[in-house]
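This report refers to the structure that appears directly beneath it.
The analysis underlying the following values was restricted to heavy atoms, covering all of them including side chains, and did not include hydrogens, waters or symmetry mates. Quick caveat: nothing in here was measured; it's all calculated off a predicted structure. Throughout, a chain's letter reflects where its sequence line sits, starting with A, and its residues are numbered from 1.
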2 protein chains.
Amino acid sequence: MQFITDPGQIEARSMELIAPYLAGLNLPPQVSKVYSRIIHAAGDPDYAKLIRIHPDAISVACQALRSGCNIFCDVEMVRTGINRRRLAELGGQALCLIADPEVAEEAKQLGITRSMAAMRHFGTALNGGIIAIGNAPTALFEVLRLIREEAVRPCLIIGVPVGFVGAAESKDLLLAEAPVPYITVSGNKGGSPIAAASMNSLLYMLDK
Amino acid sequence: MQFITDPGQIEARSMELIAPYLAGLNLPPQVSKVYSRIIHAAGDPDYAKLIRIHPDAISVACQALRSGCNIFCDVEMVRTGINRRRLAELGGQALCLIADPEVAEEAKQLGITRSMAAMRHFGTALNGGIIAIGNAPTALFEVLRLIREEAVRPCLIIGVPVGFVGAAESKDLLLAEAPVPYITVSGNKGGSPIAAASMNSLLYMLDK
């Protein structure tokens, strides 16, 4: 069987095949890039009708990334999926505390998820950074609480937790409170590749 | 807003909410566990009609895992998503060569993807192991070629690459050739969480 083996060609052809799904949406070019990369990561054009991007999300993120901001991830899969070489060139790091023994102990004692305890542990370190949540609704709920009650102030939330318990609700709350710019996806769908793809689409916009 | 914060409760409630989507399918209990965990990872019940599991897949995998077999992943996100602590208790490791400098060099020289070069590099080390492909169709094409042309013999292929270029075709070829037992998903959908969820569902079956 013949198939394309060149990574550049695979990506270019993928984007060509995704373009028709976005044709009717009148998206600005940069927004369109975020949509394309999410649909590419999921193999699922249905995302086109689920994605919600705050009007300031891309400009705020690009400015912060150029200033070397850090990215705070709920799980290691998100961190692993981010192009950390590109991020490091800009002076930023992708961080995740889910495997931290102190965080694990705290989560166990409080009866909460480790990713929720991890966000709490980051605390004011989140100020000015980008949050990338691809797995845990509880992490997104906690970030919204930290902003609401503890005056923590990230510059952008990529909030795409996945699943049947709390995921849709946490993203609805993000859209309703919208305390900072966001990239999200309505409903149960989402996941680490969606968070990483969103993040990487922003990183690649900075390439000249 | 009230939400469930206890990880055990979240998982139990998730599985309850997923059960109705599987009700009409008459799946054996262990097969049902693989389906549930995939749907859970994607937040997407549509997977119920896309999943294909070879009748011997689960028994073969459980036997191999009990014997300490290794898992060979196409990308780091898959490796990261696998419960490696549980795997290590059984004597196995999750391996990925995509970041190996030799593999990167070989891929560049041949004009192929790094994940394809990585599978070639594993070669006969794949014998008896489980392949977990969550991203790259080219890696799945290459594994099928290694089996067909170079007598390599993994015990199971979890083949769920994602996307619009080659993903559906590579999975169709896996189903058509079926040289060893498989777990796969028809069409464009798939991804690292689907591969990791499939793998973890097998690992958790071994818990007593």
- Does the side chain of B:Asp44 reach to within under 4.5 Å of the side chain of A:Asp46, using non-hydrogen atoms? no
- Query: Are any non-hydrogen side-chain atoms of A:Thr138 and B:Ile10 less than 4.5 angstrom apart?
  - Reply: yes
- Task: Could you have a look at A:Gly111, A:Pro161, A:Gly43 and say which one has the most heavy-atom pairs with chain B under 4.5 angstrom?
- Result: A:Gly43
Interface moiety of [X] toward chain A, non-hydrogen atoms closer than 4.5 Å:
X        : answer
B:Ala41  : backbone
B:Met116 : side chain
B:Leu17  : side chain

- Taking all atoms of both residues into account, what is the closest heavy-atom pair of A:Met77 and B:Thr80, and its distance? N-CG2, 3.7 Å
- Item | Top of B:Leu173, B:Asn135, B:Val162, B:Leu110 for chain A proximity - count of heavy-atom pairs under 4.5 angstrom | B:Val162
- Task: For chain A, find which of B:Ser115, B:Ser170, B:Ala168, B:Ala42 contributes the most heavy-atom pairs closer than 4.5 angstrom.
- Result: B:Ala42
- Query: For A:Ile39, is it the side chain, the backbone, both or neither that has a heavy atom under 4.5 Å from a heavy atom of chain B?
  - Reply: both
- With chain B as the partner chain, list the residues of residues 179-197 of chain A whose heavy atoms fall under 4.5 Å from it, by residue number, and write 'none' if nothing qualifies. A:Asn188, A:Lys189, A:Gly190, A:Ser192, A:Pro193
- Classify the angle between the aromatic ring planes of B:Phe164 and A:Tyr21 as parallel (below 30°), tilted (30 to 60°) or perpendicular (above 60°). tilted
- Any chance you could measure B:Arg79, atom CZ, to A:Glu76, atom CD, to the nearest 0.5 Å? 10.5 Å
